[in-house]
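Written below as structure tokens is the structure these notes are about.
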Amino acid sequence: MPAQPLIRPATPADLPAIQSIYAHHVLHGLASFEEVPPDLEEMRRRFEEVGSRGLPYLAAVTGNSVVGYGYCNLFRARSAYRFALEDSIYVRDGMLGKGIGKALLAVLIERCTALGYRQLIAVIGDSGNAGSIQLHASLGFLRSGTLRSTGFKFGRWVDTVTMQRPLGPGDGSLPAEDPRTS
């Protein structure tokens, strides 16, 4: 069995590898509803946006290679959503099914819980994306819905699956304070 990757905070030096991983998924998969891969500068802007909010952006590294990445960002911008985050995880082509996504998601859950967030939401492109659905279910996410035919990519309609997982006490108690100000 291959060694588990090192999961660490991503750095600006990781962005070329991250952009390459994501570009592959944009061009060949349904996990992202983007159709044109963002360039390196746009990926840098997105990376900095997540960092400016104090949210985790992680790299999975094997040897000296970035083999996956994951981050959390606001689920929605409106203030009432402030305790809910959305996760995104991408693994290098050819490395799926090796536990990289699970390792990334486990650390994201841990870090977002520590920050005081209460819900983590997965918005999964393609109801046929069994790998991502199973990954999230294995770490406590429950399927909360399917939005039929919300995307059109590769000449066909694509569903969106939503899954969610409580963090910490979830909705079992009121939050002590806004996680963005703690």
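Since we're looking at a predicted model, the values are computed, not measured. In what follows, every heavy atom counts, from backbone to side chain, and hydrogens, waters and symmetry copies are set aside. Residues: numbered from 1 along the sequence shown.
A donor-acceptor contact closer than 3.5 angstrom links the side chains of Thr160 and Thr150.
Residue pairs meeting the salt bridge (charged side-chain N to carboxylate O under 4.0 Å, His left out) criterion with at least one partner in residues 141-163, sequence neighbours excluded, are Asp126-Arg156. Listed by first and then second residue, the side chain to side chain donor-acceptor pair (under 3.5 Å) pairs involving residues 6-15 are Arg8-Asp14, Thr11-Asp14 (not counting sequence neighbours). Counting only residues at least two apart or on different chains, the ring-ring contact (aromatic ring centres under 6.0 Å, His included) pairs with a member in residues 85-113 are Tyr22-Tyr90, His25-Tyr90, Tyr69-Tyr90. Identified under the salt bridge (charged side-chain N to carboxylate O under 4.0 Å, His left out) test for residues 109-119, with sequence neighbours left out: none. For residues 21-36, every residue pair satisfying the salt bridge (charged side-chain N to carboxylate O under 4.0 Å, His left out) rule, not counting sequence neighbours, is listed here: Glu34-Arg46.
When all heavy atoms are compared, the tightest approach of Phe154 to Leu30 is CD1-CD2, 3.5 Å. When all heavy atoms of Pro12 and Pro16 are compared, the pair lying nearest together is O-CD, 4.0 Å. In this structure, Cys72 and Leu55 approach most closely via the heavy-atom pair O-CB, 3.4 Å. Minimum interatomic distance between Leu167 and Cys112 (heavy atoms only, all atoms of both residues): CD1-CB, 3.8 Å. Heavy atoms only, all atoms of each residue included: Pro5 and Ile100 are closest at CG-CG1, 4.0 Å. Contact between Gly125 and Phe33 at its shortest, heavy atoms only, is CA-CE1, 3.7 Å.
Side-chain contact between Phe141 and Leu105 is present, with heavy atoms from C-beta onward closer than 4.5 Å. Counting only heavy atoms from C-beta outward, the side chains of Val158 and Phe152 never approach each other to under 4.5 Å. Counting only heavy atoms from C-beta outward, the side chains of Ser144 and Thr162 approach each other to under 4.5 Å. Side chains of Glu86 and Asn73 form no contact here, defined as non-hydrogen atoms less than 4.5 Å apart. Using a 4.5 Å heavy-atom cutoff, the side chains of Val161 and Met163 are in contact. Side-chain atoms of Met43 and Pro37, non-hydrogen and from C-beta on, never get closer than 4.5 Å to each other.
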Table please: side-chain donor-acceptor pairs of residues 130-137 below 3.5 Å, with sequence neighbours left out.
residue : atom : partner : partner atom : Å
His136  : ND1  : Ser132  : O            : 2.8
His136  : NE2  : Asp87   : OD1          : 2.9
His136  : NE2  : Asp87   : OD2          : 3.3

Query raised in the report: Ile89 and Leu108: side chain to side chain contact (heavy atoms under 4.5 Å, CB included), yes or no, with the steps?
Result: CA-CA 10 Å; Ile89 296 171; Leu108 287 173; 4.2 Å; yes
**Report entry** Steps toward salt bridge (Lys or Arg N to Asp or Glu O under 4.0 Å) verdict (Glu49, Arg53)
**Finding:** CA-CA 7 Å; Glu49 177 184 303; Arg53 293 187 169 117; 3.0 Å; yes
**Report entry** Derivation of the side chain to side chain donor-acceptor pair (under 3.5 Å) call for Thr146 and Ser127
**Finding:** CA-CA 7 Å; Thr146 300; Ser127 57; over 6 Å; no
Query - Verdict with supporting geometry, Val26 and Val36, side chain to side chain contact (heavy atoms under 4.5 Å, CB included) - result: CA-CA 7 Å; Val26 168; Val36 176; 5.7 Å; no
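Under the 4.5 Å side-chain heavy-atom criterion for grouping Ile, Leu, Val, Met, Phe, Trp and Tyr, Leu115 is connected to Ile7 within one hydrophobic cluster. Cluster annotation: Leu40 is connected to Val50 through the hydrophobic network of ILVMFWY side chains, with a link wherever side-chain heavy atoms come within less than 4.5 Å. By the criterion of side-chain heavy atoms lying less than 4.5 angstrom apart, applied directly or through intervening Ile, Leu, Val, Met, Phe, Trp or Tyr residues, Leu104 is grouped together with Val67 in one hydrophobic cluster. When the side chains of ILVMFWY residues are joined at heavy-atom separations under 4.5 Å, either directly or via intervening members, Leu85 and Val107 end up in a single hydrophobic cluster. Placement of Ile18 and Leu96 within a single hydrophobic cluster is found when ILVMFWY residues are connected by side-chain heavy-atom separations under 4.5 Å, directly or transitively.
Under the 30°/60° scheme for interplanar angles, the aromatic rings of Tyr71 and Tyr57 are found to lie parallel.
A donor-acceptor pair under 3.5 Å is formed between the side chain of Thr113 and the backbone N or O of Ile109. Counting only distance, with no hydrogens or angles, the side chain of Gln19 and the backbone of Pro38 share a donor-acceptor pair below 3.5 Å.
Taken from OG in Ser32 to NE2 in His24, the straight-line distance is 12.0 Å, to the nearest 0.5 Å.
Aromatic ring centres of Phe75 and Tyr81 lie closer together than 6.0 Å.
Looking at Glu48 and Arg44, no side-chain N of the basic residue comes within less than 4.0 Å of a carboxylate O on the acidic one, giving no salt bridge.
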